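When a ligand or atom number is given, it counts from 1 through the structure's own listing order. In what follows, every heavy atom counts, from backbone to side chain, and hydrogens, waters and symmetry copies are set aside. This structure is a prediction, so every number in the text was calculated from the model and none was measured.
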Amino acid sequence: MIEFQRLHKSYAVAGRAVSALQPLDLTVESGEVFGIIGHSGAGKSTLIRMINRLEEPSGGRLLIEGEDVTALDAAGLRALRRRIGMIFQHFNLLSSRTVASNVGFPLELAGTPRAQIDARVAELLQTVGLQAHADKYPAQLSGGQKQRVGIARALATGPRILLCDEATSALDPQTTASVLGLLSKINRELGLTIVLITHEMDVIRRVCDRVAVLDAGELVEMGPVTDVFLHPQHPTTRRFVSESEHIDEGTLHGDFDTVGGTIVRLTFLGADTYQPLLGSVARQTGVDYNILSGRIDRIKDTPYGQLIVSLVGGDQAAAQQAFAAAGVHVEELRR
Ligand SMILES: Nc1ncnc2c1ncn2[C@@H]1O[C@H](COP(=O)(O)OP(=O)(O)OP(=O)(O)O)[C@@H](O)[C@H]1O
Ligand SMILES: [Mg+2]
């Protein structure tokens with residue numbers, strides 16, 4: 001759907017070219033929710049804004065549905081932008097227009113007849129659950145409602161791709177969850193490809209299929225969220241994951257000093273998460289467990305569990321083998 005080929009960007013600062021994004025290869029598949037995570041200044045906005053050419057690439061190629069869009073003229077660019085919707089952290093609504101009029105604005109620009117605009121706006125407000133608010137002004141809405149208007153407006157021209165630049169960063173956790181739920185629904189029901197950027201691993205975990213990690217303008221890790229979230233490799237990724245788990249690994253390891261046995265992290269994924277495995281392995285191998293920390297949650301629709309346990313006594317090699325044989329990932333944290 002979207003293909004970056006050695007795409008890069010530098011800005012001219014005081015007459016010098018300063019690199020914001022190193023040459024980068026990336027493919028976003030049709031129908032997926034692709035997340036990009038990075039700290040402030042990592043180059044996330046630069047990257048996402050190159051997809052609809054709000055930001056001009058400095059070099060490389062960008063293909064959208066197989067078409068090279070790096071060299072489009074003004075008319076080509078307008079057509080491209082009708083195929084790509086975008087939502088923003090601060091909503092960017094027009095304060096002097098009502099909700100309905102904000103949503104219909106892209107259609108007005110495209111010269112759509114009034115009756116068609118009205119019908120489409122009604123349908124879009126239904127999709128985002130704002131039928132009752134059509135005649136309000138942005139100042140009369142909550143943050144979550146404003147972002148729903150932003151989403152409806154982004155969908156007005158029937159795009160195939162939706163770009164989200166920190167779309168939930170200005171919202172409280174509960175509103176964030178409901179806006180993310182709406183994005184998932186749009187992805188599922190309309191088959192829209194979504195690219196979203198965020199600095200929160202929790203946003204990635206809830207809605208994304210795959211994730212790329214940006215660090216100082218460089219792509220440092222990429223893969224399915226289940227892999228990257230449960231087995232992060234790069235230090236930056238590890239930090240994002242441990243922040244979202246609310247576990248300070250340093251403190252945790254300090255705590256282990258007073259605990260005996262072999263300390264392992266067990267990761268269960270999918271249906272295995274709900275197997276009564278600990279008990280049966282304990283009976284087979286005579287190993288006792290001391291559970292030090294644990295979490296059962298979901299990565300998008302996939303349940304997972306992570307337990308840090310100390311193994312005491314018994315046949316520990318056999319216990320580790322039994323876990324691995326049952327599809328549980330075992331990582332030894334301390335012998
Ligand atoms: N118009 C510009 N001119 C010069 N430098 C810029 C410009 N826009 C961005 N940069 C620089 O490019 C780098 C990447 O910026 P970008 O806005 O893409 O980061 P970001 O990951 O979106 O950060 P944030 O999370 O704070 O939004 C930063 O070092 C920034 O200072
Ligand atoms: Mg940004």
Side-chain angles (χ1 to χ4, degrees), residues 2-26 28 33-62 64 69-70 77 81 84-93 143 146-147 150-151 153-154 161-173 175-176 179-180 183 194-208 210-223 225 228-229 232 234-244:
I2 306 171
E3 195 175 342
F4 286 63
Q5 296 178 346
R6 311 304 291 158
L7 206 69
H8 60 97
K9 174 76 186 177
S10 18
Y11 290 103
V13 180
R16 277 193 328 122
V18 178
S19 172
L21 267 186
Q22 301 293 328
L24 160 93
D25 292 307
L26 190 92
V28 178
V33 183
F34 191 93
I36 296 158
I37 189 166
H39 290 296
S40 186
K44 306 182 295 296
S45 294
T46 303
L47 190 160
I48 204 168
R49 290 163 65 88
M50 286 200 292
I51 297 175
N52 57 2
R53 298 260 314 271
L54 285 179
E55 210 63 82
E56 285 299 324
S58 305
R61 275 169 27 114
L62 173 64
I64 295 187
V69 301
T70 16
L77 208 50
R81 288 185 184 149
I84 305 178
M86 186 163 192
I87 58 175
F88 306 88
Q89 177 172 4
H90 296 294
F91 325 121
N92 296 12
L93 303 180
K146 283 183 202 168
Q147 195 56 290
I151 293 171
R153 180 184 55 185
I161 299 170
L162 179 64
L163 309 178
C164 312
D165 189 346
E166 298 276 5
T168 56
S169 299
L171 306 175
D172 63 53
T175 313
T176 293
V179 168
L180 293 178
L183 291 177
I194 297 182
V195 181
L196 71 81
I197 65 178
T198 180
H199 59 273
E200 288 174 284
M201 201 63 189
D202 245 10
V203 169
I204 300 282
R205 179 176 66 76
R206 288 189 206 187
V207 293
C208 294
R210 288 195 303 144
V211 60
V213 184
L214 269 188
D215 187 42
E218 231 178 302
L219 188 73
V220 294
E221 193 159 353
M222 179 162 61
V225 177
V228 173
F229 187 80
H234 191 272
T236 300
T237 319
R238 286 174 175 269
R239 211 167 322 122
F240 276 121
V241 171
S242 65
E243 276 166 20
S244 94

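In summary, the atoms of ligand 1 found under 4.0 Å from a heavy atom of Ala20, numbered by their order in the structure, are 12 (O), 13 (C). Interface of Thr46 with ligand 1, defined as ligand atoms under 4.0 Å from a residue heavy atom, comprises 14 (C), 15 (O), 16 (P), 18 (O). Atom numbering of ligand 1 starts at 1 in the shown order; those under 4.0 Å from a heavy atom of Gly43 are 14 (C), 16 (P), 18 (O), 19 (O), 20 (P), 21 (O).
Checked by atom type, the side-chain pair His199/Glu166 shows a donor-acceptor distance below 3.5 Å. Judged by distance alone, the side chains of Thr46 and Glu55 never bring a donor and an acceptor atom under 3.5 Å apart.
Side-chain contact check for His8 versus Leu24: every heavy-atom pair is 4.5 Å or farther apart. Looking only at side-chain heavy atoms (C-beta outward), Ile151 and Leu183 come within less than 4.5 Å of each other. For the pair Glu200 and Ile37, the minimum side-chain heavy-atom distance is 4.5 Å or more. By the 4.5 Å heavy-atom criterion applied to side chains, Arg81 and Arg53 are counted as neighbours. For the pair Phe4 and Val28, the minimum side-chain heavy-atom distance is 4.5 Å or more.
Panel detail: the Mg ion (ligand 2) has protein N, O or S atoms under 2.8 Å away, 1 in number.
Checking Ser45, Ser40, Ala42 against atom 26 (O) of ligand 1, the nearest heavy atom belongs to Ser40.
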key: Trace of the side-chain contact (heavy atoms from CB on, under 4.5 Å) decision for Ile204 with Phe240   = CA-CA 11 Å; Ile204 300 282; Phe240 276 121; over 6 Å; no

task = List the steps, then state whether salt bridge (charged side-chain N to carboxylate O under 4.0 Å, His left out) holds for Asp25 with Arg6.
result = CA-CA 5 Å; Asp25 292 307; Arg6 311 304 291 158; 3.0 Å; yes

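Heavy-atom minimum distance, Thr70 versus Arg61: OG1-CA, 4.0 Å.
With respect to atom 23 (O) of ligand 1, the closest heavy atom belonging to the protein is Gly41 N, 2.8 Å. Regarding atom 25 (O) of ligand 1, its nearest protein heavy-atom neighbour is Lys44 NZ, 2.7 Å. From the protein, the heavy atom lying nearest to atom 10 (N) of ligand 1 is Tyr11 CE1, 3.3 Å.
Contacts between His39 and ligand 1, counted as non-hydrogen atom pairs separated by less than 4.0 Å, involve the backbone only.
By the definition of a contact as any protein heavy atom under 4.0 Å away, atom 30 (C) of ligand 1 is not in contact.
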